[in-house]
Each structure stands twice: as C-alpha cells, then as structure tokens.
Amino acid sequence: MRRILLILAIIVPVLALAAPARAGGWAVTFMDPSPAKMSPHATYTLGFWLLQHGTHPYEGDDLGEVALEFTSGAKSVRFPGVELREPAHYAAAISLPDGTWRVKAIQGWFAPYDVGTLTVPGGLEIAPLPEDLKGAIESQKGQHKDYWGAIRPPDIPVGTRPAGALTPPDPAAPAPAGGMETLDAEALDDATTVAVVEPEPWWRQPYTIVAAVVLGAAALGTLTYRLRRR
C-alpha cells in the first residue's frame, strides 16, 4: 500500500501539469478572410483575432509572443503578428514556398491553436472548431462588453459574439477589402521577420516526459519494495 501511495504522489502532480488547461487559461484564434489562391514565394498579409475564451480580448498585462507558425514535414517557419487598432486584432505578413503547411497560431502564454492547413499554391482551409470548445465558448456569450465597431471578429457557427455585438454595420462606412488592415511601412517591416523553428524532438514531447516519469516511479517503487522484503 505504501508503495502505491508513493507512486500516486509522484504521478498525479505530473499529470496535472501536463494536461491541457481549459478552465481559464485558453484562447482561440479566428482568421480574417484570406486570398482564395496563394502562390509560392509571394507576400500576403493575413489578419487574425486572438480571443480569450473565444469571445473577448486578453485580460492581462503581458500576453507574450503572438505569431502564425507554418509547418511542412520537418520545417517550421514562424511569422510574428503585428497589433492592429482593434483589440485582439493582429496581422502577419507571410511568404512560403510550395507545399502543404499546417497552420498554428502562437497565442502568447496560452496554448498554441491549430488554425488549419494552407496549400501553396492554393488556399487556407480552416480546421473545425474543437467540440470541447464549442460549449465553453457558448457559455461565455453575454459575459463581456462589445469591444468592436464595424471591424470585428468574424462569425463562427456556434456564435461567440458578446451581447450587443450584433449591431448592424453602418451602410455608409466603407467595407474593408478582404477583411485586411493596411499596415504602415514600419509595421510591415516588423511583420516580415521570420524565425525558423526546429521540430521538437520526440523525447521532449510533454506526454513522452510524463510516460518516462511514470515508468521511473514504478521502477523505483518496485525496487524499494524488493529491498524491503530482503
């Protein structure tokens, strides 16, 4: 019994740290409309919204790095996001060679979010919203004020806009071209900074570490038990 309690005392805290957080520390990235077809090595600016709980801007002091990361095979390329005028609204200037790229949003200290797949030449296919987030987003509706005017996060099927956010747009206001913001030269220069990210080794993956700790604890417990019997 003591051996079992010892193993549980080691395993439970490790599993708690490794499990993905949904209680309060999570966010979702929604993309603005992107070009229907993207060509290799051409430059495009992608707008996106980083929303805490899928409904409102981040409520904190220092969010950390915000970027779009594209992965194809063993190669990953990261393009930093530039803050736009609207709360939680960013843009990243990208340029990629041909290939099929998995798109992931880097959300500061929040866990990265899988946006979808970009085919070059081709377009961006947005991944469905995870089932475990749909109910969580729905429960957040109406709990926050409307932070946006005519330029706002795009709709999603479950409806994540806060109460009062469905105000019809002003007909006299010019419609944004493709949902994109215009960046000044300085911001665009910053946006084109590229970081090449090496793939994470298999032995550093979170659940690989958890498995190693569990096996190590089990081996230690077995050894202790045998020594005591001797």
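Basis for what follows: all heavy atoms, side chains included, without hydrogens, waters or symmetry-related copies. The model shown is predicted, which means the values in this text are computed figures rather than measured ones.
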Exercise: do E125 and T119 side chains pair donor with acceptor under 3.5 Å: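 Not at all, the side chains of E125 and T119 share no donor-acceptor pair under 3.5 Å.
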
Cut-off 3.5 Å, side chains only: do H41 and D98 have a donor facing an acceptor?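 Note: H41 and D98 side chains miss the donor-acceptor criterion.
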
Any chain of hydrophobic side-chain contacts (each under 4.5 Å) joining W109 to I106?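 Not linked; separate clusters.
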
Between V103 and D114, is a side chain to side chain contact (heavy atoms under 4.5 Å, CB included) present by the stated rule, with each step listed? CA-CA 6 Å; V103 186; D114 287 325; over 6 Å; no

State the [atom1]-[atom2] distance between [X] and [Y], to the nearest 0.5 angstrom.
| X | Y | atom1 | atom2 | answer |
| --- | --- | --- | --- | --- |
| W101 | M38 | CH2 | CE | 13.0 Å |
| S76 | F70 | OG | CZ | 11.0 Å |
| T55 | D146 | OG1 | CG | 11.5 Å |
| L124 | S34 | CG | OG | 4.5 Å |
| T71 | L118 | OG1 | CG | 11.5 Å |

Using a 4.5 Å cut-off on heavy atoms from C-beta on, say whether the side chain of [Y] contacts that of [X].
| X | Y | value |
| --- | --- | --- |
| L50 | Y113 | no |
| W148 | P153 | yes |
| W49 | P57 | no |
| V115 | I126 | yes |
| V120 | S39 | no |
| R78 | E65 | yes |

Would you call E69 and R102 a salt bridge, taking side-chain N to carboxylate O under 4.0 Å as the test?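 Salt bridge flag = no for R102 with E69.
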
With side chain to side chain contact (heavy atoms under 4.5 Å, CB included) as the test, would you mind laying out the steps for F79 and L96 before giving the verdict? CA-CA 10 Å; F79 300 92; L96 294 166; 3.8 Å; yes

Start with the C-alpha distance between T43 and I94, add both sets of side-chain angles, then the distance that settles side chain to side chain contact (heavy atoms under 4.5 Å, CB included), and finish with yes or no. CA-CA 6 Å; T43 300; I94 73 167; over 6 Å; no

Restricting to non-hydrogen atoms, name the atom on [X] and the atom on [Y] that form the minimum distance, rounded to 0.1 Å.
| X | Y | result |
| --- | --- | --- |
| P154 | F30 | CG-CB, 4.1 Å |
| G81 | A92 | CA-CB, 4.4 Å |
| P97 | P40 | C-CB, 4.3 Å |

Kindly assign one of parallel, tilted or perpendicular to the pair W26 and H53, based on the angle between their ring planes and the thresholds 30° and 60°.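 Judged by the thresholds at 30° and 60°, the geometry between W26 and H53 is tilted.
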
Mutual orientation of the aromatic rings belonging to F48 and Y90 [parallel < 30°, tilted 30-60°, perpendicular > 60°]: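 The rings of F48 and Y90 lie parallel, inter-plane angle below 30°.
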
Quick check: does any side chain N or O of [X] sit under 3.5 Å from a backbone N or O of [Y], one acting as donor and the other as acceptor?
| X | Y | answer |
| --- | --- | --- |
| S72 | T100 | yes |
| Q107 | P112 | no |
| Q52 | E59 | yes |

One pair to check against side chain to side chain contact (heavy atoms under 4.5 Å, CB included): L68 and K104. What are the steps and the verdict? CA-CA 6 Å; L68 294 178; K104 182 169 62 176; over 6 Å; no

